[in-house]
Amino acid sequence: MPNDHDHPPAKKFKPGSVFFRNDKNKPGMLLPRKGNATTPIEVQRKQLPIYQAKPQLMNQLRQLHNAILIGETGSGKTTQIPQYLYEAGIGRQGLIAITQPRRVAAISLAGRVAEEKRTQLGKLVGYTVRFEDVTSSETKLKFMTDGMLLREAIGDPLLLRYTVVVLDEAHERTVHTDVLFGVVKAAQRRRRELNKIPLKVIVMSATMDVDLFSEYFNKSPVLYLEGRQHPIQIYYTKHPQSDYLQAALVTIFQIHQEAPPSHDILVFMTGQEEIEALARTCRDIAKHLPDGCGPMVVIPLYASLPPAQQLRCFQPAPKGCRKVILSTNIAETSVTISGIKFVIDSGMVKAKRFSPDSGLEVLAVQRVSKAQAWQRAGRAGREESGSCYRLYTENEFDSLIPMTVPEIQRCNLSSVMLQLMALGVPDVMNFDFMSKPSPEAVRSAVNHLELLGAVERKEGHVFLTALGKKMASFPLEPRYSKTILLSPDYSCSDEILSIVSLLSVDTVLFNPPAKREEVLAARKKFSSSEGDHITLLNIYRAFKKVSGNKEWCRENFVNSRNMGLVNDVQAQLRDICLKLNMKLGSCGAEMENVRRCIARGMFVNAAELQPDGSYLALDTHQPVSIHPSSVLFQGKPAYVVFNELLHTSRCYMRDLCLVDADWLLEAAPEYFGRKLHPSKS
DNA sequence: GAGCACTGC
């Protein structure tokens, strides 16, 4: 094989820069860790790049209150820094928290560190994620999701249990991490003012764009960690491509014809449909290749794939056969595949955007950021050098935005604002965000909370009400917690807890397009003319009746894994209700109670039938339609409340509940004023 | 008469 760096297989490409990245050797994720049974753990630890820097690093960390640590994951920083801190006796007066954006990462890192410390998980080293707390009074090193630390902060805004907080993967800029930035910064300052034990904050990031971090954390020093580097050759197209699907296809097969079969290909696309279509085309073409061209195995990879099928991407292809993985951005961070030699980057991603005016979230295909493009490129050559083919020109690359817009600037802020107020933040409208969301987004969130009765305005200030305080104790969107808190008035808490749990997990229903008729027939047994909420409740009750029988789930196209999650969520919500001394009970078959309760909790999401048969959303007056997946699709109910709006070919309402105009009026007389025309109901 | 990237409490 000629040196494939000098001879790009795809002729329409031209070489760009060579990108150096660090070798990743991170344990866990979905990647089974390579057993290295012959090398003792102590030796392995000393082989990590970070080990060389240890004395100097610890010297600095001992003195600093804030530090920004830049280094690729392979430097060993996430597993080693917490141990170094502990071994040096730093922060012994309290716990060391290490936060992660994802559950799997928190769990597997804790496992790895416990192993290195030769202790049982849950003793010295533990982890806390939702539904799982593997810590004890002995725990000093605590790995946790960032969302979990945020929850803890509501009960303890100064984070007094902790002497060190390590915020890992900060470059991902999840909403939770961004809010935590502000929370730890405030806690740090407040603890200093109150002469409490100081809080050390260490921010760890893979990005080189550190000015923002450093500036925000009081111009804190930036420490760089070297990793092991493998070069990645970048190729750009010579001309802009009008059809990235076609371009991807051509590139896959040019590589396939020229590179050794053991070199696997990872292709970044935008979504399920596109990936399945491309997979079909690839398999078809692969059947008719010239002699001397080996076989290929094409593997789709996206989040909604059943777990067993997701695991296929880790299996090595048979000898002489090439593995081609077609993936969404799940392979950018969440799933790590070894042995990838080539990355093909479409340059596109499907991502959510939010418009505060309409309150609409739109999922749209858009261009990636430069940081994202580098992240994708970095997936080639984790073990050795690799290549990345960008299906766009170098000029197009130059015009990409440098960093992905942080999620906090792209989402509905009502939960965040409620949480900040529950944390006792004095002026939420001007919270010290590292990247400020737009004032409109903040205002719209606070307005929403005011409508729900969670906050009140007095003399230009916003205050949390007693109801708002209770709402904040639920790990839910505010309108859901409001509905739960209303449920005792209608004696239907059991039903509402089930419905809210059903709505807050990913869908519990399977919809294989090939079995459309069967699915419809199975669904019919549970469908209710009162709407989708009641229909879901019927399915859940039937599921409980057969004790979650797997066979029943298969026959009825019910996702038993997600149903299990519904049970966990419901148990958690019930616990919170009991702590709030709520009187829980069931309304039995009296579904009108349930609908009245939903109407009162969700009145902001109401829509009204117009004389011409269309619907208008009552708050924004925008035209909306009933989504064809709804059980109310065939009917023309006068008033409905909906769970969410989905903007695709039209603006669709999803998960609808039939309501009376009177109920809406009762829920918010002033709000609706003359908006309603109840004569029609 | 449609089709949903990815996390997380």
Side-chain angles (χ1 to χ4, degrees), chain A residues 29 99-106 128-133 144-155 169 172-180 268-277 301-305 310 327-335 346 348-353 361-366 368 372 375 404 406-408 410-411 415-416 418-419 422 471-478 480-481 500-501 504-507 509-513 516 520 565 568-569 572-573 575-576 625-630 632-634 644-655:
Chain A
M29 298 307 187
T99 70
Q100 295 291 321
R102 278 171 294 280
R103 294 167 53 100
V104 266
T128 305
V129 298
R130 191 182 187 183
F131 307 128
E132 245 190 303
D133 182 14
M144 58 206 301
T145 44
D146 43 20
M148 209 62 212
L149 185 58
L150 211 49
R151 278 271 132 210
E152 279 191 17
I154 292 181
E169 310 282 11
E172 289 193 25
R173 304 293 306 273
T174 67
V175 175
H176 289 156
T177 317
D178 267 31
V179 176
L180 268 182
F268 283 102
M269 305 300 291
T270 70
Q272 170 176 351
E273 216 172 63
E274 186 177 273
I275 284 170
E276 292 293 355
L301 180 63
Y302 44 87
S304 60
L305 220 51
Q310 277 189 12
S327 174
T328 60
N329 40 348
I330 192 172
E332 264 171 35
T333 49
S334 306
V335 175
S346 63
M348 306 301 277
V349 65
K350 206 176 274 184
K352 205 170 247 180
R353 289 187 196 159
E361 289 180 333
V362 181
L363 200 61
V365 173
Q366 47 200 297
V368 297
Q372 228 171 341
Q375 176 71 24
T404 310
E407 202 185 350
I408 193 99
R410 289 186 286 126
C411 73
S415 301
V416 169
L418 183 64
Q419 213 157 17
M471 283 166 62
S473 53
F474 291 94
L476 293 170
E477 279 180 52
Y480 289 155
S481 9
V500 166
S501 308
S504 64
V505 307
D506 271 350
T507 175
L509 307 175
F510 283 126
N511 284 307
R516 214 168 136 265
L520 280 174
L565 202 57
D568 290 345
V569 175
Q572 187 188 29
L573 300 180
D575 267 0
I576 296 169
S625 314
I626 300 181
H627 195 276
S629 67
S630 170
L632 296 181
F633 181 69
Q634 308 282 2
E644 63 173 356
L645 285 179
L646 179 75
H647 195 99
T648 50
S649 56
R650 301 162 90 169
C651 198
Y652 284 108
M653 303 180 276
R654 286 210 308 190
D655 294 319

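Values below: all heavy atoms of this structure, side chains included; hydrogens, waters and symmetry mates excluded. Below, chain A is the first sequence line, B the second, and so on; all start at residue 1.
The distance from atom CG of A:Leu150 to atom P of B:dG8 is 15 Å, rounded to the nearest whole Å. Between the CD atom of A:Gln375 and the P atom of B:dC6 there is a distance of 16 Å, given to the nearest Å. The distance between atom CE of A:Met348 and atom P of B:dC6, rounded to the nearest whole Å, is 17 Å. Summarising the geometry, the separation between CD1 on A:Ile576 and P on B:dC9 is reported as 13 Å, rounded to the nearest angstrom. At whole-Å resolution of the value, CG in A:Leu565 and P in B:dC9 are 10 Å apart. Atoms CE (A:Met653) and C1' (B:dA2) sit 14 Å apart, rounded to a whole Å. Taking atom CG of A:Asp655 as the reference point, atom C1' of B:dC4 lies 13 Å away to the nearest angstrom. For A:Asn329 and B:dA5, the CG to P distance is 9 Å, given to the nearest whole Å.
Position along DNA chain B of the nearest nucleotide to A:Glu273 versus A:Glu407 favours A:Glu273 as the more 5'-ward residue. Mapping A:Gln572 and A:Lys352 onto DNA chain B by nearest heavy atom places A:Lys352 at the nucleotide closer to the 5' end.
For A:Arg654 against B:dC4, a side-chain-to-base donor-acceptor contact under 3.5 Å is present.
Between the CZ atom of A:Arg410 and the CZ atom of A:Arg173 there is a distance of 11.0 Å, given to the nearest 0.5 Å. Interatomic distance, CD of A:Glu332 versus CD1 of A:Ile330, reported as 11.0 Å (0.5 Å rounding).
You'll find that the side chain of A:Pro628 is closest to B:dA2, out of B:dA2, B:dC9, B:dC6. For A:Ala303, the side-chain atoms get nearest to B:dT7 when compared with the rest of B:dC4, B:dT7, B:dG8. The A:Tyr652 side chain lies nearest to B:dG1 when the options are B:dG8, B:dA5, B:dG1. Of the candidate nucleotides B:dC6, B:dG8, B:dA2, B:dA2 has the atom nearest to the side chain of A:His627. Side chain of A:Thr328, nearest nucleotide from B:dT7, B:dC9, B:dA5: B:dA5. Checking B:dA5, B:dC6, B:dC9 against the side-chain heavy atoms of A:His176 singles out B:dC9 as nearest.
Legend: residues meeting ring pair (Phe, Tyr, Trp, His ring centres under 6.0 Å) with A:Phe510, ordered by chain and number and at least two apart, are absent. Taking the side chain to side chain donor-acceptor pair (under 3.5 Å) definition, one finds that A:Ser327 meets it with nothing, sequence neighbours left out.
Here A:Tyr302 lies in heavy-atom contact (under 4.0 Å) with sugar-phosphate atoms only. Contacts of A:Arg103 with the nucleic acid, taken as non-hydrogen atoms under 4.0 Å apart, involve only primed sugar atoms and P, OP1 or OP2.
Nearest heavy atom pair, residue A:Pro628 against residue A:Phe633, reads CA-CD1, 3.4 Å.
For B:dC4, neither phosphate oxygen OP1 nor OP2 lies less than 4.0 angstrom from any side-chain nitrogen or oxygen of A:Ser304. Side-chain nitrogen and oxygen atoms of A:Arg102 include none within less than 4.0 Å of the OP1 or OP2 phosphate oxygen of B:dC6.
The pair A:Glu273-A:Lys350 does not meet the salt-bridge criterion, since no charged nitrogen lies less than 4.0 angstrom from a carboxylate oxygen.
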